[in-house]
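What follows is a set of notes on a single structure, which appears directly below.
We name chains A, B, ... by the order of the sequence lines, and we start the count at 1 in each one.
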Number of protein chains: 2
Amino acid sequence: MHLEEVLAENELRVTRPRRLVWDILRSSNDHLTAQAIADAVHTQDASINVSSVYRALTLFSELGIARESKFGEDGSRWEPAHSDEMIHLVCEKCGTVDHHGGQVVTRLRDHLASDHGFVSSNVNVVVNGTCSNCSAQ
Amino acid sequence: MHLEEVLAENELRVTRPRRLVWDILRSSNDHLTAQAIADAVHTQDASINVSSVYRALTLFSELGIARESKFGEDGSRWEPAHSDEMIHLVCEKCGTVDHHGGQVVTRLRDHLASDHGFVSSNVNVVVNGTCSNCSAQ
DNA sequence: GTATATGCAAACAATTTGCACAATC
DNA sequence: GATTGTGCAAATTGTTTGCATATAC
């Protein structure tokens, strides 16, 4: 997916802050906080402000190309919007956040729609627990 | 479940703030924000401070009798910890938050444990979308 | 009576906003 | 060149904390 296109389609401009935020979002497979993104942006261009990072993230979310999840400490986490929704597995021991897409979410959506008439636009699953690594010890 | 017992078991004291916060949590079937709880507490005893509300909620969560969920605006939401975990259905049109317990969560936990070795302690599912009422219009 | 909890006010942290200037199209 | 986006600094909002006092046991 090209940022340029999405922005152009909506008559929005391609700016350096937006470019950098997007590249960082895409290249990381973690769920980054706005602050972490801002820090990463900063290593490439120290003149870019946190508020621009927030504005970019909010915009991307409205455009449907990024998603916000709330879990853990330190505020919201951000990730590029994948076509299949993600389950976040947060290990309480080592702190690792793993993701895990798949049919579980799809089945949940189907179930809610058919049996409860609830049409879901956005599913957010956060599971706290102990990952297999830490269980083994 | 009696607050008294749980507190006594842990050699903690039954105080007016804790009593009121607990009663409000139990009597509401909404997911209340700390502020909403503080407001409700205030109608009964205006001398009770927000910080005591936060302290009570944090304590209840540590004791396993309350649960924190992060969704929507205005910070975390709180509810009494039910034996079966809840799915939160947040309607984007009317703002209603419905809950919906059941096997979906249980099945998810089983799946994660058996197929991925992830032992879940706490599952939090937030689904945004349109409720049946609003879809009908 | 003693330890634990509280109220208060101040500190913190995440996020938002108004505005003059800068950069994109 | 017009308009949209940015940096900055200040405002907001949710939450936490240190400390002297009050309260439950």
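Residues Phe71(A), Val90(A), Val126(A) make up the rest of the hydrophobic cluster containing Val97(A), defined by ILVMFWY side-chain heavy atoms closer than 4.5 Å, directly or through other members. In the hydrophobic clustering (ILVMFWY side chains linked at under 4.5 Å, chained through shared members), Val50(A) is joined by Tyr54(A).
Residues Asp45(B) and Thr33(A) each lie close to DNA chain C; by heavy-atom proximity, the contact nearer the 5' end of the strand is made by Asp45(B). DNA chain C is contacted by both Glu11(B) and Ala46(B); Glu11(B) maps to the nucleotide lying nearer its 5′ end (nearest heavy atom per residue).
When all heavy atoms of Leu3(B) and Arg18(B) are compared, the pair lying nearest together is CD2-O, 3.8 Å. For Cys131(A) against Cys91(A), the heavy-atom pair with the smallest separation is N-SG, 3.4 Å. Nearest heavy atom pair, residue Leu25(A) against residue Phe60(A), reads CD1-CD1, 4.4 Å.
Using five terminal pairs a side, the axes of the helix from dG1(C)-dC25(D) to dA14(C)-dT12(D) at its two ends make an angle of 20°, given in steps of 10 degrees.
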query: For nucleotides 20-25 of chain D, read 5' to 3', which letter fits each nucleotide if B means a protein heavy atom sits under 4.0 Å from the base, S means only the sugar-phosphate is that close, and - means neither?
result: ---BBS
Footprint string (nucleotides 9-14 of chain D, 5' to 3'): B base within contact, S backbone only, - free, heavy atoms under 4.0 Å: -----S
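dT6(D) atom P lies 11 Å from atom CG of Leu20(A), rounded to whole Å. Here dT17(D) presents its P atom at 15 Å from CG of Leu57(B), a figure rounded to the nearest Å. Atoms CG (Leu7(A)) and P (dT6(D)) sit 10 Å apart, rounded to a whole Å.
Remark: His88(B) engages His31(B), Ser69(B) in a side chain to side chain donor-acceptor pair (under 3.5 Å) (not counting sequence neighbours). For Asp45(A), the salt bridge (Lys or Arg N to Asp or Glu O under 4.0 Å) test picks out Arg16(A), with sequence neighbours left out. Remark: Arg55(B) pairs with Ser51(B) by the side chain to side chain donor-acceptor pair (under 3.5 Å) rule, at least two apart or across chains. For Glu4(B), the salt bridge (Lys or Arg N to Asp or Glu O under 4.0 Å) test picks out Arg19(B), with sequence neighbours left out. With sequence neighbours excluded, no residue satisfies side chain to side chain donor-acceptor pair (under 3.5 Å) with Thr130(B).
A donor-acceptor contact closer than 3.5 angstrom links the side chains of Glu68(B) and Ser76(B).
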Show me the side-chain donor-acceptor pairs of residues 36-43 of chain B shorter than 3.5 Å, one per line, residues at least two apart or across chains.
| unit_1 | atom_1 | unit_2 | atom_2 | d |
| --- | --- | --- | --- | --- |
| His42(B) | ND1 | Ala38(B) | O | 3.3 |
| His42(B) | NE2 | Ala46(B) | O | 3.2 |
| Thr43(B) | OG1 | Ala40(B) | O | 2.7 |

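Partner of Leu89(B) under the side chain to side chain contact (heavy atoms under 4.5 Å, CB included) criterion, out of Val125(B), Asn128(B), Thr96(B), Val127(B): Val127(B) alone.
Extent of DNA chain C lying under 4.0 Å from chain B heavy atoms, first and last nucleotide in 5' to 3' order, is dA3(C) to dC8(C).
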